[in-house]
Amino acid sequence: MKQAMTPEEIKEQKPYLDWSLSEAEYDYIRTQLLGRLPNYTETGLFAAMWSEHCSYKKSKSVLRLFPNKNERVLQGPGEGAGVVDIDDGQAVVFKAESHNHPTTVEPYQGAATGIGGILRDIFSMGARPIASLDSLHFGELTDPLMRMKVEATVRGIGDYGNCMGIPTVAGEITFDSCYQGNLLCNAMSVGLMDQKDIQQGRAAGIGNAVMYVGAKTGRDGIHGATFASTDFSDENETQRSAVQVGDPFMEKLLLEACLDLITKHPAWLVGIQDMGAAGIVSSSAEMASEGKSGMELNLDLVPQREPHMSAYEIMLSESQERMLLCVKKGNEEDVKKIFDLYGLEAVTIGRITAGHDYVLFHDGEEVCHLPVASLTDDVLEEESMERKPARIEEAEKQSAWEPHITNIESTLADLLQQPTIADKASLYWQYDSQVRTNTVVGPGSDAGVIRIRGTKKGLAMTTDGNGRFVYLNPEVGGQMALVEAAANIIASGAQPLAITDCLNYGDPNDPEIFWELHQSVQGMADACREFNTPVISGNVSLYNENNGRAIHPTPMVGMVGLIKNIDRVIPSFVQHPSDKVYLVGK
Amino acid sequence: MTNVRIFVTYKQSVFDPQGETIKTAIHSLGHDEVTSIKVGKFFDVTLAATGSDVVTAVKEIADQLLVNFNMETYTYQVMEEA
Amino acid sequence: MTNVRIFVTYKQSVFDPQGETIKTAIHSLGHDEVTSIKVGKFFDVTLAATGSDVVTAVKEIADQLLVNFNMETYTYQVMEEA
Amino acid sequence: MKIAVIVFPGSNCDIDLYEALHAVCHADVEYVSHRETSLTGFDAVMLPGGFSYGDYLRAGAIARFTNIMPAIVKMANAGKPVFGTCNGFQILTEAGLLPGALKRNDNQRFICRTIPLEVVNNQTIFTTQYCSRERIALPIAHADGSYYADEETLDRLEANNQVVFRYAAENPNGSLRNIAGITNERGNVLGMMPHPERAVEAILGSVDGLRLFKSLLENGKVRTEA
Ligand SMILES: Nc1ncnc2c1ncn2[C@@H]1O[C@H](COP(=O)(O)OP(=O)(O)O)[C@@H](O)[C@H]1O
């Protein structure tokens, strides 16, 4: 297939600006990295790989503030998910992921595919997902459209997780007008594995195969990665059409097939990674980079759902329920047989090569030839300006606000009627919280608790965040997110182990927003050190704006704790009529 | 009274996992001659209106409620006036 | 190639809460002229067959798979042959 | 008594049934893939909950065409115990081993809750350890659990004591005559929407489901010995 534009036309017409690649970046790639004009496909790959979503070019400096090691951490950030030692040769694997933009545009599918994506991150590590959590932030319910979006989001999470047979055991839901035009949908998945099964997203060994498994590639979500990095206006809400559709049934088969391969035939597999944002390009380039290898792919071999897809579309498609494997040369047929059993496609689409080049063929032509590192490591980190917002300067001058309560009963009743505080049972009843019969504590308590079959152990898990606190004081707000999570874990009888996070903010090019990001991450990082709960994985979602109005800075903390004796778990409900009530702490 | 049937389907480019799974099932029943299957839903609406009022109402109902334009599209057919 | 549209609905006697819910929603949009709404699904099937083979295949597929006669019933329409 | 737990593509409560029988009841139980064609050597078969084939088309509609189904039908016709919960119940109705059908819940939503049930018939091989009219509580977790059959069928079910469980306090899904579980005429095939296998250990919140498995194992033993 012909390239849509010549390299010269790209230089002249600058289509990359629409894909959120800046002119400075383009020039840097052209002059410093390649010494030539990139072609259309290559330019598209750069735009995707250099997006904030894939490269963290704006947030990297801030993420370095987080501690990410301690005596239990086996795998910190950088892989599909973090891994923590829970004794007896077992490990817990977890990560959170935001799907804010897709959910805002198409709540049902956005939420569903958000769950699908985070589950793949877990099982690509070699772990079986044992529980899901969510953290949802909506606009005010007085808007009837918002009510429909709440329904659809919850249904999306439920339908996907229920079908997969993974219990959703905890979460949070808040309502505030700052999310009216930009919902937050964060999902977290927790998996359990034997330490010996830990996998990595790496491709190495000259001649080894790159295998594509799972669903076919269509034109869904093209520009999803770059799309997630630009803010919304009412206008482009109507333009969007490439909605990703989730197929939880396919994902269930993919889960079982991958775990079969990983646990029963470890010798065949070199590396495995899920195809998330920026699909084939990000998974393959990252695997090659991780393995310090060269890679050659033939895109004509990629299973395709639609005819006439361009190289660019095939590489950037965000079709769901796909995985990329690096398989030892000679074991391709063995691997294919495993996937056959589940009715899934497994196709060799390329090989590991000597050197460090990333080469793509399409329709018999070479359409991309780049140093692997130019896509993954050479990204220009961006310095950001910071400024303390005037509202905070103002607030600091004021004396502390004292609430005046005249009628405590009516104040309590008013508080309980706030949707954010009110009972969420009618929503979380739509989640199967018990499937696979390990749920000791489900939604409605401080934290979800899952027992580990065959042991006395259990895991407590929670998601917490509070955009209003962070808005008022980012540093203290960041600390409080940690404290709230730790309190929930401890109150469930567990020792906090580590956290994952989703950092949800507005446009970081606004110095005030970057300041909020920096301050709140500092607060979280300090509290992490205090609790000895390193950050082992996470996700950054910037540009959460609608018509120029940013959401409250809303970092979400997902924490997991270890329970040594599951019989000692204490529920958060009143147990007996004559029990005494104590207030502890300050 | 007018009866209208409104057909809602996924847009062409949107993946229909249900259709694919049903196709596989049909093939396993031995009906290999089936080359494609797409699933849609329809609404049989009865309105106390006639003529152009019907068209206006149907369009409004479809736009506002029955169709999700992110991924769906629709057609309709006025069945009969009575 | 023949395209056939197969329509599946609940039997008359089966209560369809979805239709009722949608009707309420339509009324709340101000379209009181809508007196009834029924929801069904349809399958657009493309077959590499023509003539009576099509009818035989469609009946078999519907009877065995697409329709649950405990609660559903169906009709079909041959759309075009190409 | 040797029990088969069938694994369909998309089954996800297979482990729940298996462990209820294996870890809690210490029964002889094995997973059997939907690809198998025989159940020789098994004395009973159980169809788990989940989403076989993603519940695409209708819950249970596609699973009934899998290779294993003829063997299940044979077991049923031979009078051996056949049990289906949730998706298993849906498959049994789709396969015609039980009358009626399961529709989308009246409120159009998935519902996961523990709700009260009445044991209507404690004379089946699955329910002898319950008292007649006993109130128990079992979890439900489904979107398509509204039991439907025509009036004549419903009358016949009641007349033959085929209704085994009814929703006792509230009807969560719109099931006709509050039906939560039924048997075939002969009484050896039981299908129910609630999940007894989720209520077999105190740590999971309830043990009200345990006696269902105990009843079956006890009655099976008597039978095998006889
Ligand atoms: N989206 C959700 N998913 C699962 N459980 C939820 C969700 N939202 C709320 N819950 C559960 O409901 C309870 C109360 O929720 P919320 O009002 O957000 O509480 P909290 O103030 O404890 O964070 C918590 O136990 C939580 O686990």
Side-chain angles (χ1 to χ4, degrees), chain A residues 128-130 151 154-169 246-257 321 340-344 425-444 449-451 453-454 456 458 566-569 571, chain D residues 7-24 33-35 48-57 59 62-63 66 85-87 105 107-115 138-144 172 194-206 209:
Chain A
R128 178 175 285 279
I130 53 169
E151 282 286 328
V154 167
R155 205 156 37 80
I157 291 171
D159 282 359
Y160 206 103
N162 298 345
C163 183
M164 285 293 290
I166 295 164
T168 304
V169 297
D247 182 355
F249 172 56
M250 171 78 86
E251 177 118 324
K252 168 73 174 163
L253 300 175
L254 190 61
L255 160 80
E256 298 299 341
E321 293 93 23
D340 269 353
L341 271 184
Y342 291 91
L344 295 173
S426 66
L427 297 174
Y428 64 67
W429 278 344
Q430 297 179 56
Y431 301 153
D432 191 337
S433 57
Q434 303 168 314
V435 58
R436 301 190 88 79
T437 45
N438 290 316
T439 307
V440 176
V441 180
V449 176
I450 294 281
R451 63 133 175 228
R453 232 182 242 288
K456 279 256 145 205
I566 195 75
D567 297 328
R568 298 255 175 83
V569 166
Chain D
V7 183
F8 294 100
S11 289
N12 60 36
C13 305
D14 42 353
I15 190 172
D16 307 7
L17 265 182
Y18 181 93
E19 293 293 348
L21 289 159
H22 169 79
V24 182
S33 162
H34 66 97
R35 284 183 294 268
F51 288 73
S52 58
Y53 295 91
D55 273 4
Y56 297 147
L57 186 59
I62 300 180
T66 50
T85 167
C86 202
N87 195 230
N105 295 345
N107 72 358
Q108 307 292 308
R109 291 174 169 180
F110 189 96
I111 308 168
C112 175
R113 283 172 61 196
T114 295
I115 52 159
L138 291 180
I140 56 166
H142 59 248
D144 298 286
H195 288 277
E197 79 282 12
R198 292 188 182 190
V200 294
E201 291 176 84
I203 192 169
L204 303 179
S206 161

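Only this structure's heavy atoms are used, side chains among them; waters, hydrogens and symmetry mates stay out. Below, chain A is the first sequence line, B the second, and so on; all start at residue 1.
Distance alone, capped at 3.5 Å, is enough to place a donor-acceptor pair between the A:Asn162 side chain and the A:Gly158 backbone. Under the 3.5 Å distance criterion, the side-chain polar atoms of A:Arg436 are matched with a main-chain donor or acceptor of D:Asn12. A distance-only check finds no donor-acceptor pair linking the side chain of A:Arg451 to the backbone of D:Leu204 [under 3.5 Å].
Contact tally against chain D (heavy-atom pairs below 4.5 Å) for A:Asp159, A:Val440, A:Val435: the top residue is A:Val435. For chain A, the option among D:Pro139, D:Gly205, D:Gly50, D:Ala143 with the highest count of heavy-atom pairs below 4.5 Å is D:Pro139.
For the pair A:Val441 and A:Val569, the minimum side-chain heavy-atom distance is below 4.5 Å.
Checked options A:Leu341, A:Asp247, A:Leu344; the residue passing with A:Leu253 is A:Leu344 (criterion: side-chain contact (heavy atoms from CB on, under 4.5 Å)).
Rounding to the nearest 0.5 Å gives a distance of 4.0 Å between NE2 of D:His142 and CG of D:Asn105. To the nearest 0.5 angstrom, A:Ile157 atom CD1 is 10.0 Å from A:Leu427 atom CG. Residue A:Thr168 holds its OG1 atom at 8.0 Å from CG of A:Asp432, rounded to the nearest 0.5 Å.
Interface remark: D:Asn87 contributes no atoms to any contact with chain A (heavy atom separation under 4.5 Å). Only the side chain of D:Arg113 comes within contact range of chain A, with heavy atoms under 4.5 Å apart. Heavy atoms of A:Ile566 lying under 4.5 Å from chain D belong to its backbone as well as its side chain. Only the side chain of D:Glu201 has a heavy atom closer than 4.5 Å to any heavy atom of chain A. When heavy atoms are compared at a cutoff of 4.5 Å, D:Ser33 does not approach chain A at all. If you measure heavy-atom distances from A:Met164 to chain D, the contacts under 4.5 Å come from the backbone alone. Both the backbone and the side chain of A:Ser433 come within contact range of chain D, each with at least one heavy atom under 4.5 Å from a heavy atom of that chain.
For A:Phe249, the ring-ring contact (aromatic ring centres under 6.0 Å, His included) partners are D:Tyr53, not counting sequence neighbours.
Against chain A, the residues from residues 17-24 of chain D that qualify, each with a non-hydrogen atom under 4.5 angstrom away, are D:Glu19 in number order.
Ion pairing between a basic and an acidic side chain is recognised when a charged N comes within 4.0 Å of a carboxylate O; A:Arg128 and A:Glu256 show such pairing.
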